[in-house]
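These notes concern the structure reproduced below.
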Amino acid sequence: MSDALLEVEGLTAGYGEVQVLWGLSLTALRGRLTTLVGANGAGKTTTLRAVLGTIAPWSGRIMFQGEDVTRLPAHVKATRGLVLVPEGRQLFSNMTVDENLEMGAFAKRGAHGYSDRLERVFTLFPRLKERRRQKAGTFSGGEQQMLAIARGLMTDPEILIIDELSWGLAPLSVYQLFGALKTLKDAGLTVLLVEQNVHLAFAVSDYAYVIAEGRLFTQGPPSSLAAMPEIRRAYLGL
Amino acid sequence: MDGVLIGSVYGLAAMGLTLIWGVMNVVNLTHGAAIVAGMFALYLLTSGIDMPPYAALPLILVGGFLIGVALYWIAVHRMIGRPPLMILLSTFSVNLVVIGLGTAVWGTGLFNVAVALPGVTWRRYTFSGTHILAAVLTAIIAGSLYLFLYHTRLGKAVRAVANNREAAELVGIPTTRVLSLSFGLGVALAGAAGMLIATMFPFTVLSGDAYQLKSFVVTALGGLGNPAGALVGGVALGLVEGFAAQFMPVSWTLVIEFVLFVVVLIIFPRGVFAFKRS
Ligand SMILES: Nc1ncnc2c1ncn2[C@@H]1O[C@H](COP(=O)(O)OP(=O)(O)OP(=O)(O)O)[C@@H](O)[C@H]1O
Ligand SMILES: [Mg+2]
């Protein structure tokens, strides 16, 4: 697979003595939207943390753009374009929209072409433009998620990894955010999405991984996964 | 009121303490030692190489910063993310070493740096020149800190790390380096405050504890982790001191301050002048 942008091979990780991931492998292809689904506590967030390096992987390898980045600290990964929109948004709540976006572009790659990218982000999320000087902590859940994605985009990502796009949001916001995601995908952005709403996730993604208890359960194009009885029952509620 | 002038310098010292707390949730017990180091740096530079007193300030700021960065790597870095007691112990032991060395070299006698500055008389009040200049320099340093934190990329990164360290790391901010830089800034502020205090009052190697306590009272008043609140809290403390001095001997000020500290902590656990933080 020559167009693999991110490859995770045999990843194991955990917290303290507790092992959560038991040898997980997955690949995100360039220009595609890849989804990772799984029940609560399956280890999706832990996978992303270990990939980004906010927790140290126990073993396994993370290849990004053909290079081994397993042991690089998270801030270095960000400067290479491996960007995470974390679970629960994790905005700089005491800082304004403008400041959050400026921090998104802290790395050199983000500083380059800053104003053009800012315009594009505001075109995608006009709501943010109206509130540039407002503090992020005062926002509704949907606006916070918009800002979190916008902040990630300001880094000029090679791949944008999003943990729980729809988490805790009203249906209208979920609809808007998935619309924005579709726009980004159509513009050629590589995305790795973790999502509870499997219906929506499958509708936008090119390829999906299903994990259970820290192991890969199955993988494939969403259409074929959606045809599997155990997936229909466990994740699609059918 | 003279209390405002002196109090602003207390505020400057407390700003150093509160900045470190705000960025990394560390109570820095080397704070008092840093204040004393500022005092003695002024003494050495003026008496040793005849430097004009206020020319020592930039040197002390830069030196304090570098020492603070080094201290971070020596005494703080490995304790981040460990139980808070570990950091208290490790910074406290640095404090003991510094004070111990200071006592060995200079003893515990009183030192004084003579600064000749004419005072200013306004109506029936006379303000000493050193107090006025100390307050002016404090305002300049505090203003510069504000400009740094709110109008430079690096300063905003400091606030971002204070606000959410993991998110800061994820946007590409080298957060560990930002922590060491913030510790350096905190120590530089403490050193500068010590230097300015030494232009106003005599001091000993052991003065640090009293001023460290003042810094704690000021942060209790101004709200932990809030540099602007520290300045207001400092002025408030200066006023209280000036007021108390009219009714009781100076030796009682520490007692008053400690009582004030406890009372404030009980009644306003988040600070009297704490600005609303989201
Ligand atoms: N900081 C932590 N310390 C200890 N254990 C943790 C920590 N974070 C998560 N865990 C545990 O690791 C396991 C996997 O959690 P993880 O957050 O990766 O799941 P997830 O698939 O993201 O679930 P969710 O859908 O709830 O977000 C869970 O059993 C959880 O309790
Ligand atoms: Mg999760």
Side-chain angles (χ1 to χ4, degrees), chain A residues 45 48-49 51-55 72-96 98-111 114 133-139 144 147-148 150-157 160-163, chain B residues 18-25 73 77-78 80-83 145-182 222-230 270-271 273-278:
Chain A
T45 298
L48 301 187
R49 284 194 186 124
V51 166
L52 267 296
T54 50
I55 63 170
L72 290 183
H75 71 264
V76 176
K77 287 183 179 140
T79 65
R80 295 197 181 187
L82 187 61
V83 176
L84 175 68
V85 178
E87 189 174 50
R89 342 304 176 200
Q90 308 290 346
L91 294 172
F92 303 120
S93 53
N94 294 333
M95 299 172 79
T96 64
D98 267 345
E99 287 174 332
N100 270 273
L101 296 176
E102 192 183 337
M103 287 300 104
F106 187 85
K108 234 187 242 119
R109 62 179 302 119
Y114 181 81
R133 310 214 171 280
Q134 212 166 312
K135 285 201 177 150
T138 64
F139 280 16
Q144 292 201 8
L147 181 53
R151 183 180 66 182
L153 291 172
M154 290 309 291
T155 315
D156 189 20
L160 190 67
I161 306 179
I162 305 172
D163 196 353
Chain B
T18 208
L19 180 76
I20 290 173
W21 170 265
V23 175
M24 60 195 98
N25 283 24
W73 291 108
H77 179 62
R78 276 160 297 173
I80 298 275
R82 311 260 295 271
L145 181 69
Y146 173 83
L147 286 179
F148 170 70
L149 290 176
Y150 285 84
H151 293 282
T152 69
R153 209 170 73 102
L154 189 57
K156 288 176 194 175
V158 170
R159 285 167 53 222
V161 171
N163 197 169
N164 189 326
R165 189 172 167 204
E166 186 170 329
E169 183 78 19
L170 288 172
V171 297
I173 298 172
T175 58
T176 306
R177 260 178 277 162
V178 169
L179 294 189
S180 70
L181 172 130
S182 309
L224 259 178
N226 177 352
R270 310 193 61 201
F273 305 108
F275 298 99
K276 225 176 71 191
R277 303 217 311 160
S278 40

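For the numbers below, each heavy atom of this structure counts, side chains included, while hydrogens, waters and symmetry mates do not. Here is the naming used below: chain letters follow the sequence lines, and residue numbers restart at 1 for every chain.
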Selection from A/M95, A/R151, A/M154 maximising heavy-atom pairs under 4.5 Å formed with chain B
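Top count of heavy-atom pairs under 4.5 Å with chain B: A/M95.
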Residue, of A/M103, A/Q90, A/K108, that accumulates the most heavy atom pairs under 4.5 Å with chain B:
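Option with the greatest count: A/M103.
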Between [X] and chain B, with a heavy-atom cut-off of 4.5 Å, which part of the residue counts as in contact: side chain, backbone, both or neither?
X      : result
A/A105 : backbone
A/L91  : backbone
A/R109 : neither

Going by the side-chain contact (heavy atoms from CB on, under 4.5 Å) test, name the single residue among A/L52, A/T155, A/L160 that passes it with A/L84.
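Output: one option passes, namely A/L52.
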Which atoms of B/R177 are under 4.5 Å from chain A, going by heavy atoms: the side chain, the backbone, both sets, or neither?
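Contact with chain A involves the side chain of B/R177 alone.
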Could you look at B/A168 and say if it's the side chain, the backbone, both or neither that has a heavy atom under 4.5 Å from chain A?
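Both backbone and side chain of B/A168 come within 4.5 Å of chain A.
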Do the side chains of A/E102 and B/K156 get close enough for a salt bridge, i.e. N-O under 4.0 angstrom?
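Yes, A/E102 and B/K156 are salt-bridged.
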Would you call A/E99 and A/K135 a salt bridge, taking side-chain N to carboxylate O under 4.0 Å as the test?
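No, this pair does not count.
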Is it true that a side-chain atom of A/E87 and a backbone atom of A/D163 form a donor plus acceptor pair closer than 3.5 Å?
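Looks like no, no N/O pair under 3.5 Å.
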Looking at A/F92, I'd like to know if the NZ or CZ of B/R159 sits under 6.0 Å from its six-membered ring centre while staying within 45 degrees of the ring's axis.
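Negative - B/R159 is either too far from the ring of A/F92 or too far off its axis.
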Is the ring pair B/Y146/B/Y150 parallel, tilted or perpendicular, if the boundaries are 30 and 60 degrees?
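Answer is parallel, since the angle falls under 30°.
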